[in-house]
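Whatever order the structure lists ligands and atoms in, that order sets their numbers, starting from 1. Positions are given from 1, in the same order as the sequence printed here.
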Amino acid sequence: SASVSFAVAPAAPACSLADVMSEQLARHITTVCVCGYTTWGVDLAVPDTASDLMLAQMLQMQFDREYDDQLRREEKKFNGDSKVSISFENYLKVHPYEDSDSSEDEVDWQDTRDDPYRAEKPQTTPRKGFAGKGKNITTKHDEVNCGRKNTARMDKFAPEVHVGDGLGMDLKLSNQVFNSLKQHCYTEQKRSAKLHEKKEHSTAEQAVDPRTRLLMYKMVNSGLLENINGCISTGKESVVFHANGGSLEEQPFPDEVVLKVFKTTLNEFRNRDRYIKDDYRFKERFSKLNPRKIIRLWAEKEMHNLARMKKAEIPCPEVVVLKKHILVMSFIGKDHVPAPKLKDAMLGSEDLKNAYYQVLHMMRQLYQECNLVHADLSEYNMLWHEGKVWLIDVSQSVEPTHPHGLEFLFRDCRNVSTFFQKKGVGEAMNVYDLFNTVTGLHIPVDTEDEAAFIAEIVALEKRNEDHVQKRGKKTFPVTSEDSGPPLQLDADD
Ligand code: ADP
Ligand code: MG
């Protein structure tokens, strides 16, 4: 009962979607400002009417998906109960979501097959193919090929025009559409030159770039997400959106999720290099990567760190899926209302005391069980939800053996200690005791001289590094478990 699968030309679809598309799209281009994204059930919070092309691509994807649905129906009808089935797979327009690597341990950064951020886009189009009168090529080539070429040509539009990652999606544009878009782009260029200065200052514009928006749209289109609702937070390094989870391979996601989009504007990240460069888990890769890949490393790092925390049962968001530089995780909050940061939570003294002990316990767990130092711990990165403190924002977290790991931990301790002392929690330890309690070290605190205490810490770090180097253990294996042995620092030698 072998099931043979080979491709044949499918029966013609009910109507030519290419025609529908070109007409509608042409019309759409002029009415784009009226439509907005909400038409498609995605409100990406940042209506970018300048980026018509991206909208066109979204439109195309929508049509392609409808085409595929029709194709699937026909495939089913065609094959019926027959033992030998014929696959229409090759005729599908929307290819299965490019990275099916949804597991937590999968390394998304390695996937360059459809990398929309690749530095050089392939020059698939021989120049003569469309030199001179562009209109003439219309009838010469078959529609699909021509469409692909047109898509490739989008790349040649002015750099100010956001072409999205259509090049990576096997997108086909009809000549008519292509020409409309081209014309539109020229007009747009002039307009954009005028607007440019204003645009620079618009924070909404800068929340996420068009490529990211397209990736977000794809997540909705592929069913990973039900919809994307709005922006919870815009930070220097990330933008966080609220969304409703869809499903992946029939596995449903949580109803409420967040998308943490790591920013692809690189300036802010430069000063964070030292967190990742010296982390042995990422050292090897770091040197070889281009900036866009480095951004993805941040997302990957957060994912791994959250996984460790979950294992230790520290209250934290649960990773749902990682797509390039977008991390989808469970939402801490309820009915679209995010849990308040500890800084904003109006807690009574009993809750505050509770919170303090929870944080103390969490810091110890993080260090002892997860072998991690948060490295940006403060009342800004802890949420208060259902009577518990939840730990978030761990993309910069490092292992204690990181060359500056203990210094980061000291800073964390200071933030925590200061916060709870200011809030009047009498039980709150001072920074030195907190540090020693979390680490199990016994750095003398008699003098309470901060400089001396930090000097001790730095000396420890130095000794640990020498120790590691002497044993020739420059890199530890990063397993899927991703949990190394806890740090052994002999405090009293
Ligand atoms: P950043 O590096 O930009 O500070 P964070 O991870 O701290 O990124 O996220 C920014 C803000 O978004 C947080 O302060 C919090 O208010 C909100 N947030 C982040 N993750 C979640 C989540 N899983 N559930 C609810 N709110 C979240
Ligand atoms: Mg934060």
Side-chain angles (χ1 to χ4, degrees), residues 45 104 203 206-209 212 216 219 225 228-245 253-276 294-310 314-323 325-347 355 359 362 366 372-398 408 411-412 415-416 419:
E104 291 195 358
T203 45
Q206 305 207 329
V208 293
D209 58 74
T212 302
M216 285 162 78
M219 292 167 102
L225 302 176
I228 299 170
N229 304 307
C231 181
I232 297 176
S233 146
T234 323
K236 263 193 303 184
E237 283 116 9
S238 76
V239 187
V240 176
F241 292 92
H242 181 276
N244 291 106
F253 292 159
D255 177 44
E256 291 191 86
V257 295
V258 301
L259 266 64
K260 183 165 176 178
V261 178
F262 288 77
K263 281 219 180 158
T264 47
T265 49
L266 297 160
N267 303 339
E268 288 84 6
F269 274 91
R270 233 160 252 156
N271 60 349
R272 300 180 87 190
D273 275 5
R274 72 174 188 151
Y275 288 90
I276 209 162
I294 290 169
I295 300 294
R296 291 202 210 166
L297 266 191
W298 286 104
E300 194 197 332
K301 211 160 177 269
E302 175 133 22
M303 176 183 77
H304 281 299
N305 291 339
L306 283 173
R308 280 195 197 184
M309 287 157 66
K310 202 85 225 163
I314 295 174
C316 67
E318 199 155 345
V319 174
V320 174
V321 71
L322 171 69
K323 293 288 173 202
H325 59 294
I326 303 181
L327 183 63
V328 183
M329 54 189 154
S330 62
F331 175 67
I332 313 301
K334 205 170 178 273
D335 300 332
H336 293 230
V337 183
K341 298 180 184 75
L342 215 48
K343 155 185 138 353
D344 303 318
M346 310 285 274
L347 301 186
V359 173
M362 234 152 43
L366 198 62
L372 284 175
V373 168
H374 188 290
D376 193 15
L377 190 65
S378 74
E379 58 275 25
Y380 289 83
N381 283 329
M382 293 187 268
L383 306 181
W384 181 254
H385 181 55
E386 293 175 341
K388 278 195 294 188
V389 178
W390 297 66
L391 219 49
I392 60 162
D393 203 0
V394 290
S395 64
Q396 73 295 312
S397 301
V398 296
F408 296 154
R411 198 178 53 193
D412 286 355
N415 291 339
V416 168
F419 174 74

Item to check | Polar side chain donor-acceptor pair, Thr212 to Asp209, under 3.5 angstrom | outcome: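 Yes.
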
Checklist entry - What do we get for Val240 next to ligand 1 when only non-hydrogen atoms under 4.0 Å count, side chain, backbone, both or neither? => result side chain

Item to check | ligand 1-proximal atoms of Asp393, by part, heavy-atom distance under 4.0 Å | outcome: both

Near [X], which atoms of ligand 1 are under 4.0 Å from a heavy atom of that residue?
{"X": "Lys260", "result": "2 (O), 5 (P), 6 (O), 8 (O)"}
{"X": "Ser233", "result": "10 (C), 11 (C), 12 (O)"}
{"X": "Pro317", "result": "23 (N)"}
{"X": "Asn381", "result": "7 (O)"}
{"X": "Phe331", "result": "24 (N), 25 (C)"}

Next on the checklist: I'd like to verify the contacts: list protein N, O or S atoms under a distance of 2.8 Å from the Mg ion (ligand 2).
Outcome noted: Asn381 OD1, Asp393 OD2

Checklist entry - For His385, which residues count as a ring-ring contact (aromatic ring centres under 6.0 Å, His included) partner, sequence neighbours excluded? => result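 ring-ring contact (aromatic ring centres under 6.0 Å, His included) list for His385, sorted by chain: Trp390.
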
Under a 3.5 Å distance rule, please check whether [X] uses its side chain to pair with a backbone N or O of [Y] as donor and acceptor.
{"X": "Glu256", "Y": "His336", "result": "yes"}
{"X": "Arg411", "Y": "Asp376", "result": "no"}
{"X": "Ser330", "Y": "Glu318", "result": "yes"}
{"X": "Lys263", "Y": "Val239", "result": "no"}

Checklist entry - Should one rank Val328, Leu306, Val319, Ile332 by closest heavy-atom distance to atom 25 (C) of ligand 1, which comes out on top? => result Ile332

Side-chain heavy atoms of [X] within contact of [Y], under 4.5 Å:
{"X": "His325", "Y": "Val261", "value": "yes"}
{"X": "Phe253", "Y": "Val328", "value": "no"}
{"X": "Leu377", "Y": "Leu366", "value": "no"}

Next on the checklist: Out of the candidates Glu237, His374, Glu302, only one should pair with Gln396 under the side-chain contact (heavy atoms from CB on, under 4.5 Å) rule; please name it.
Outcome noted: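 One option only clears the test, and that one is His374.
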
Next on the checklist: In this structure, does ligand 1 have an atom that sits under 4.0 Å from one of the heavy atoms of Ser395?
Outcome noted: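 Ser395 does not count as a contact of ligand 1 under the 4.0 Å cut-off.
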
Next on the checklist: Run Lys341 and Leu383 through side chain to side chain contact (heavy atoms under 4.5 Å, CB included) and show every step you take.
Outcome noted: CA-CA 4 Å; Lys341 298 180 184 75; Leu383 306 181; 4.0 Å; yes

Checklist entry - With only distance considered, is Ser238 within less than 3.5 Å of ligand 1 through an N or O on each side? => result yes

